[in-house]
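Notes follow once the structure below has been shown.
This one's a predicted model, so the numbers in the text were calculated from it and none came from an experiment. The analysis underlying the following values was restricted to heavy atoms, covering all of them including side chains, and did not include hydrogens, waters or symmetry mates. Numbers for residues simply follow the sequence, beginning at 1.
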Amino acid sequence: FERLQSGMPYVLCFGRMVEDKGIFDILSALETRLRGMRDVGLVYAGVGRDLHRLEEQIAHTGLTDQVATLGNVARDQLPTLIRSARLTVVATQTNVGEGRCLAAMESLALGIPVVAPDFGPFPYLIEDGGNGLLYRPDSIDDLGTKIDALMDDDALYQKILQGVAAMNSILLTPNMTFSQALHDAFKNEPT
């Protein structure tokens, strides 16, 4: 991470470092941009069976000065890493039955836009053009297009930041507390 220039905007991918989570898709989607624009970075945070293979692929591309793999990041340091990113990418492939989208929820709760595939739970959390962008699942080209849009179109980015702030409020301020939900669930029960 220290290899990246101080203040360099970066795209963040965090979670399990496995092929099915689209880690190689993100690198492929950004490779041309990273070669052409030396002022942007890509950061991976997490561990998994494909981390070593990802590091080899990064070395093969020659982009080690712009792409960092952090490995396991302490839970208390993750919010700082997320808040410092320009955007988060969750690139889960359709062959994975994604049950929840924790990385996307954490990013939105911390005020960071998300690019995610348009399948599974993601469209229920990400409003395309509202608080993030959805791309055609398994499409590296569309993934790259959506990332580029959030990197290059400042008006779109600012609009999406407003949507992220609204979603942040929903995620962090539930309509009712757990104890209220329990009370409501049992108040009409026969005794």
Side-chain angles (χ1 to χ4, degrees), residues 1 3-4 8-71 81-82 85-108 112-154 156-157 160 164:
F1 191 60
R3 293 186 313 260
L4 300 178
M8 175 188 283
Y10 62 89
V11 174
L12 176 64
C13 170
F14 67 98
R16 284 186 302 122
M17 294 293 117
V18 295
E19 185 172 1
D20 294 344
K21 290 291 191 171
I23 60 175
F24 297 101
D25 295 349
I26 297 167
L27 183 61
S28 294
L30 282 169
E31 187 172 353
T32 300
R33 180 186 189 94
L34 290 168
R35 288 188 192 289
M37 301 182 75
R38 307 300 277 172
D39 62 343
V40 67
L42 171 59
V43 175
Y44 290 94
V47 295
R49 69 177 178 265
D50 294 322
L51 178 59
H52 181 70
R53 217 174 92 214
L54 175 65
E55 291 170 335
E56 288 174 346
Q57 184 65 31
I58 293 165
H60 179 74
T61 64
L63 294 169
T64 56
D65 60 332
Q66 287 176 267
V67 182
T69 56
L70 305 181
L81 184 66
I82 295 169
R86 169 84 174 183
L87 61 108
T88 296
V89 176
V90 180
T92 304
Q93 297 173 343
T94 55
N95 61 332
V96 176
E98 185 75 54
R100 55 191 177 147
C101 36
L102 190 56
M105 283 189 277
E106 288 175 323
S107 295
L108 292 172
I112 301 302
V114 177
V115 174
D118 191 7
F119 86 98
F122 299 107
Y124 295 99
L125 181 65
I126 308 296
E127 178 191 344
D128 191 36
N131 61 3
L133 294 176
L134 296 171
Y135 70 94
R136 274 188 324 279
D138 301 327
S139 172
I140 292 171
D141 289 339
D142 198 37
L143 173 59
T145 298
K146 300 302 171 134
I147 293 170
D148 285 346
L150 281 181
M151 295 298 288
D152 298 335
D153 186 339
D154 198 51
L156 174 64
Y157 188 77
I160 287 180
V164 170

Identify the heavy atoms of [X] and [Y] that sit nearest to each other, and give their distance.
| X | Y | value |
| --- | --- | --- |
| P117 | A91 | CD-CA, 4.4 Å |
| A149 | L156 | CB-CD2, 3.9 Å |
| A103 | V90 | CB-CG2, 4.0 Å |
| T92 | F122 | OG1-CZ, 3.8 Å |
| F14 | S107 | CE2-OG, 3.5 Å |

Assess whether side chain to side chain contact (heavy atoms under 4.5 Å, CB included) is satisfied between R33 and V40, documenting all intermediate values. CA-CA 8 Å; R33 180 186 189 94; V40 67; 4.1 Å; yes
Test log, rule side chain to side chain contact (heavy atoms under 4.5 Å, CB included), inputs L81 and L70: CA-CA 10 Å; L81 184 66; L70 305 181; 3.8 Å; yes
Establish, from distance only, whether the side-chain atoms of T69 and E55 form a donor-acceptor pair under 3.5 Å. yes
Check the side chains of H52 and E56 for a donor-acceptor pair under 3.5 angstrom, ignoring hydrogens and angles. yes
Measuring only between side-chain heavy atoms, which start at C-beta, is [X] closer than 4.5 Å to [Y]?
| X | Y | value |
| --- | --- | --- |
| V67 | L34 | yes |
| L30 | I147 | yes |
| I112 | L108 | no |
| T88 | C13 | no |
| L87 | Y10 | no |
| N131 | I126 | yes |

How far does CD1 of I160 sit from CG of L150, to the nearest 0.5 angstrom? 4.5 Å
First locate atom CG of D148, then atom CG of L133, and finally report the distance between them rounded to the nearest 0.5 Å. 11.0 Å
Would you find a donor on one side and an acceptor on the other, under 3.5 Å apart, between the side chain of D20 and the backbone of V96? no
Under 3.5 Å, is there a donor-acceptor pair between the side chain of K21 and the main chain of Q93? no
Decide yes or no on side chain to side chain contact (heavy atoms under 4.5 Å, CB included) for Y135 and D118, but give the supporting numbers first. CA-CA 6 Å; Y135 70 94; D118 191 7; over 6 Å; no
Side-chain donor-acceptor distances from residues 41-51 under 3.5 Å, at least two apart:
residue: Y44; atom: OH; partner: I23; partner atom: O; Å: 2.7
residue: Y44; atom: OH; partner: L27; partner atom: N; Å: 3.3
residue: D50; atom: OD1; partner: R53; partner atom: NH1; Å: 3.4
residue: D50; atom: OD2; partner: E19; partner atom: N; Å: 2.7

Can you check side chain to side chain contact (heavy atoms under 4.5 Å, CB included) on M151 and V11, steps first, answer last? CA-CA 9 Å; M151 295 298 288; V11 174; 4.1 Å; yes
Using a 3.5 Å cut-off and no angle test, enumerate the donor-acceptor pairs between side-chain atoms of residues 136-143 and protein atoms at least two apart in sequence or in another chain.
residue: R136; atom: NH2; partner: S139; partner atom: OG; Å: 3.4
residue: D138; atom: OD1; partner: T94; partner atom: N; Å: 3.2
residue: D138; atom: OD2; partner: T94; partner atom: OG1; Å: 2.4
residue: S139; atom: OG; partner: D142; partner atom: N; Å: 3.0
residue: D142; atom: OD2; partner: R136; partner atom: N; Å: 2.6

Report, as yes or no, whether the 6.0 Å neighbourhood of atom CZ on R35 holds more than 12 heavy atoms from other residues, nucleotides or ligands. yes
